[in-house]
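To keep things clear, I will list the structure first and then write my remarks on it.
Atom set for the values below is all heavy atoms of this structure, side chains included, hydrogens, waters and symmetry mates excluded. Owing to the predicted nature of the structure, the values given are computational and were not obtained by experimental measurement.
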Amino acid sequence: MADFNTIAQKWQKKWKESKIFQTAEDPKKEKFYCLEMFPYPSGKLHMGHVRNYAIGDALARYKRMKGFNVLYPMGYDALGLPAENAAIKNQSHPKEWTLHSIKLMKEQQEQLGLSYDWSREIATCLPEYYRWNQFMFLKFLEKGLAYRAKSPINWCPKCKTVLANEQVEEGGCWRCHSAVEVKDLEQWFLKIKDYAEELLKDLDKLENWPERVKTMQRNWIGRSEGTLINFKLKGTDEDIPIFTTRPDTLYGVTYMVFAPEHPKVMELVKGTEHEEKVKKFINRVVIQEKFERTAEDKEKEGMFIGKYAINPLNGDEVPIYIANFVLLEYGTGMIMAVPAHDQRDFEFAKKFDIPIKVVINPDGYDLDPEKMSRAYTEEGTMINSGDFEGINNMDAIEEISKFVEKKGWGEKTVQYKLRDWLISRQRYWGTPIPVIYCGKCGAVPVPEKDLPVVLPDKARFSGEGNPLETNEEFVNVKCPECNGTARRETDTMDTFIDSSWYPFRYCDPRNDKKPFGKPAEYWMPVDQYIGGIEHAILHLLYARFWTKAMRDVGLTKVSEPFSALLCQGMVIKDGRKMSKSFGNVVDPGEIIAKYGPDTARLFMLFAALPEKELEWSDEGANGAFRFLKRVLSLAEENIAAPGEETGNREKNLIAKQHKTIKIVTEHVERFEFSLAIGRIMEFVNAIYKYREGEINKVVYDDAVRTTALLISPFAPHIAEEIWEKLGSKTMISLEKWPEYDESMIDEKAEQAEEIVHNTISDIHSVMELAKIKKAEKITLFVSKGWKYEYVRMLKQELEKTRDPSEIMKAMMLTDLKQHGGEVAKMTPKLAADESRLPKILLSQEEELKALESAKEFIEKEFEAKVEMVRADDSKEAKANNAMPGKVAILVK
RNA sequence: GCGGGGGUGCCGGAGUGGUCAAACGGACUAGGUUGAGGGCCUAGUGGCUUAGUGCCUGCGCGGGUUCGAAACCCGUCUCCCGCACCA
C-alpha cells in the first residue's frame, strides 16, 4: 500500500512543473470564475480553511473537466491589526511577520493539492497592490464619493484605533472585545449611503445568493418610508424636524424626545436651570451606556429640558424630553412621541406621567387612555383628529402626509439604517490615505504621479498611538499645490477596502498601469464565491458598494461582483465551535500528516452538505481514509482476466456505472458533494461485489476508470494515481467529466418480466418509461369518480403538449378544482354522505364512455395494450401493488 | 420582540405525496483471514413470526387533509442562528 502522502507529493510536483492550472483568457471558451474568500495570513490553516478550499477546489476541478475555462486564484488579505499587534508583542515589524505567515500558510495550502493558478497570487500588503486602493480613493474623492467630517467615533482604548459601527459587537471591539469609548475626530468617509437604494434593489437580482444573506443585508440597509415633519420650537421660528412612519398618529403627539447627545440639546439648555442636570444625564447615558446592550430591554431613562414644541397640525404645545432610547444616528435624532400608539413612547409616558391621547380606535369599542396597559398598534378608525376623523388609519397615513406636504410643513422621505462607511484607521499596517494637509491649501490629494504613498519601513511599534504620526520623514512633506510646508495624512484605510475589489485584481494581477484592465472584462463577475457566513454583511456589502462605485468612475461595467454565493457552515467538534479554550481544536496539519490531503478533503466534503455545520469526527476521517484505500486497491490488485463474456453481471455493473455518473453529476451541480460521494461509495461497493466472481477486464477497467474520474474533484492525487496505474499517459486533471447513456440505465435487464409503477401525475416520464421499456401492457389504476378527470387530463395533455412542466401545471389545477368541489371526485367517505357529492359527478355510463375513449388513445400513443383496474378498493389495490392515480407498465 | 432554519436508528446524516423510511459513512455484533492484535473481507444491527417471506411499530408531541403523510395544513413543545429601543 503506497503511502498517501508520497502519492500526493508526486502529483503536486507534476502539476506544478507542467503548469496545467495556469489560465489565460480565451474568448472561444466559456469562462468560470471560482473564488474562495482569501485568508488573513495568520500562519496556520484551520479546519474552516480546509473546508472552504475543499469545496472550491472540487468545484473548480469539476468545471474544468466540464470544459470551462476556469479562473481559480489565491492570495492574502495581508494588512490589518493582528500583524501590528504581533509586531508590538515581538518587537518586530508587521511586514516580516506577515510575509512569514504567508509563506507558512502557502506551504499548507500547497500540501492540500489545490488547483490554484499560483502565478496570479496577490498580497494586499505590497505597494503594488495597495497603490490601487489609493488610486481609487482619489478617483472617488474626485467624484465626491469620499469626504472628511468630524463625528463621534467608536474608540477602542486597547487597539488605540477607531472602529466602524459595523466593527462594534455588543459594545465591544470586534477583535479584542474591550469596551468601546466615544470620541470626536476628523475622519474620512465613503458615501455608501448614496448607494443604499441600489444595494437594496440589486439584491433581488442575486438569485444564486442564499436567502438569509440577502435578508441580513436588507435588514442592515434598513429602508423605511415615512414623512419628515417640522415642528416649531415654542416662541421662535426654529424648525424641529422629525421623521415618522406613522403620520396618522400626528394628532396623538403628547411630547417630543431628542437623542441626548444631539448638539441642539446643549444649545437649548444653555444658561437655563436645566443645563447642569442635562450635562450630567448626557455624560451618564451617552458615554457609559452607549454600547451596553443587555438581553432584556434596557430601562428607559430621560428628562424634561424645559422647552416646548408646537404641533403644526393642531397647534398643540408639547414638552421636549431627552431620553436614552432615541438614537442620534437614525432619522433626525429627534422623534415625536405618541404614547397611545407606540409601545416605547407608552412606557416612557407612564414612567414620566405624560398624558396619553388616543387617536385610533379599534373596530367595535373605544380605548380609554386611563385603562390602557399597553400601546394600541393595530389598525383602526381615526378619532380626535380634526378633518381626518372617521377614516381608516392606514388611509390616514397617506392623506395626512399629503396634507403636511401641501402645507409646506414637511415631505415624504425614505430613511436607511445604513451609515456612511468610516474608513480612517489610526494604525500603521494599512494603506496610507493619499492626502496632504497644507495650512494654505487645506486637504490636498496626492497627485497620481506620486503614487504609491508607501508605508515607511522605519517605525516604532510601542503599542500606543499610530507609529506613522511620530515618523517625521513620512509626515513632513511639501504641499503639492503651493510647495509650502505641509503634513501628510497619517490615517490608514480600513482593510475592508483591500478585500472590496481583489476579485478584479486576480484577473490582471501584474498590471502596473491600472488596477486592472481588459482581462477583468472577460472574467468578472465571479461565478461562484465561497466563504463563511460571518462575512454576510460587512465584506459582501462593501465589495458590492465598491464595485458600483468603480463602475461610476468608469473602471468597470460590472455592477455586482459575485453572481453566486455559497456560505459554508462551521466546522465543530463535540457539538461546539473549535476553540482553544474548549480544547477541541483539530489541526489540519496533523490530519494531513496522518492520512494525506485527499482523506482530509474527502471527509470534509462527505460529512455534511456545504451550508451545514460539520461535526468533525476522527472515526469519520478514518472511514474516508479506508474508502480511499479501497478505491486505490481497485487499480492496484492484480485481477485475473478470464474472458470477455458479457452476461447479466456485466450488464448490471454497466447499468450501475451509467446511473452513478448521472446521479453524481446532478449532485455535484447542486453542490451536494456528500451525496455525490455516497453514490461513488455505492458504486465502489458494487465493483467489489462484481470482482468476487469472474471478471471481464474491459468492463472492469472501465468501471475503475469511471470511479477515478468521478472521485478526482474530491481526491485528486489518488485519482491521478489510479489513472496512471490503468495505463493512461495523460493527467486525470485534464480529462473530461464522464458521460452517461440513459438507455444503459436499466438495472434489471435480466428480468424477463417486470412491473414498473409510476404516478400518473408525471405523465411525461410514464411515456418515456413505456417507450424505453417497450411496454407490452399498461395498467391504469383508477378509482371511482376522480378517475375520469385524471384519465381525461392524461388524454388531453398528451394531445396538447409533451412539456412535462405544462402537464404538471394542469394536474395541479385539477387538484385545486377538486378542492373547490367542481370536479368529479368521490372517495368512500364522500360516497357515504350523499349530500356532499360533487355536482358534476359522472354517471356510470358517461364514465365508461370516457374511459373507453381515453384507453383507445393511450393504446395508440404507447403502442401497447391498456388495461384499467379499479383501485379504490384498497384490498384489490394492494393485491396489485398499486394505488389509484398510478400507472403500471408491464414489460415482457 | 422581529426575521431565518431545524427536530428522522446508538452517532453524523439521506429521503419532502405512493414503487422505498433510514441511502452513504461511523459505531457495535458475528463469521472469515492472521501466531495474536491491528488491518482487510463478508453478513447483521426497531418488534413479532415463518426462515423463501409475511405482518406490525416507527420520522419531537397532538389534531386535520388524503385512497395513501416523515413530507401538505392547523396547533403545540423544543433547539440553533441572525438582528434588536430604527420612530
### Query
Between B:C83 and A:Arg212, is there an OP1 or OP2 to side-chain N/O distance shorter than 4.0 Å?
no
#### Entry: Gap between atoms CZ and P, on A:Arg670 and B:A14 respectively (whole Å)
13 Å
### Message
I want to verify a distance call: between B:G82, B:G39, B:A87, whose nearest atom is closest to the A:Lys629 side chain?
### Response
B:G39
### Query
How many Å lie between CZ on A:Arg218 and P on B:G82, as a whole number?
19 Å
#### Entry: Nearest-Å distance once atom C1' is located in both B:A22 and B:A27
16 Å
### Message
Suppose the criterion is ring-ring contact (aromatic ring centres under 6.0 Å, His included): which pairs have a residue in residues 607-627 of chain A, not counting sequence neighbours?
### Response
A:Phe4-A:Phe625, A:Tyr595-A:Phe625, A:Phe603-A:Trp616
### Task
In whole angstrom, give me the gap between the C1' atoms of B:C80 and B:G37.
43 Å
### Query
Considering only the C1' atoms, how many Å lie between B:U16 and B:G5, rounded to the nearest integer?
16 Å
### Message
So if I define the base as every atom that isn't primed, P, OP1 or OP2, how would nucleotides 23-30 of chain B read as a B/S/- string at a heavy-atom cutoff under 4.0 Å?
### Response
BBSSS---
### Query
CG of A:Asp345 to OG1 of A:Thr249: how many Å apart, nearest 0.5 Å?
8.5 Å
### Message
I'd like the C1' distance from B:G75 over to B:G25, given in whole Å.
### Response
37 Å
#### Entry: Atom pair distance, as rounded to whole Å: CH2 in A:Trp209 and P in B:G82
19 Å
### Message
Would the distance check show the side chain of A:Arg51 and the main-chain N or O of A:Gly569 forming a donor-acceptor pair, the cut-off being under 3.5 Å?
### Response
yes
#### Entry: 5' precedence on RNA chain B between A:Thr215 and A:Gly222 (nearest-nucleotide basis)
A:Thr215
### Task
Indicate, with a heavy-atom threshold strictly under 4.0 Å, whether A:Val326 touches base, sugar-phosphate, or nothing.
base
### Message
Checking contacts here: which listed nucleotide (B:C41, B:A87, B:A43) is nearest the side-chain heavy atoms of A:Leu327?
### Response
B:A87
### Query
Are A:Glu611 and A:Arg212 close enough for a salt bridge, meaning some N to O gap below 4.0 Å?
no
### Query
To the nearest 0.5 Å, what is the distance between CG (A:Leu418) and CD (A:Glu197)?
11.5 Å
### Query
Which one, B:C85, B:G82, B:U42, comes nearest to the side chain of A:Asn324?
B:C85
#### Entry: Check: A:Phe352 ring centroid to A:Tyr255 ring centroid under 6.0 Å
no
#### Entry: Atom-to-atom span, CD1 of A:Ile663 to C1' of B:A14 - whole angstrom
13 Å
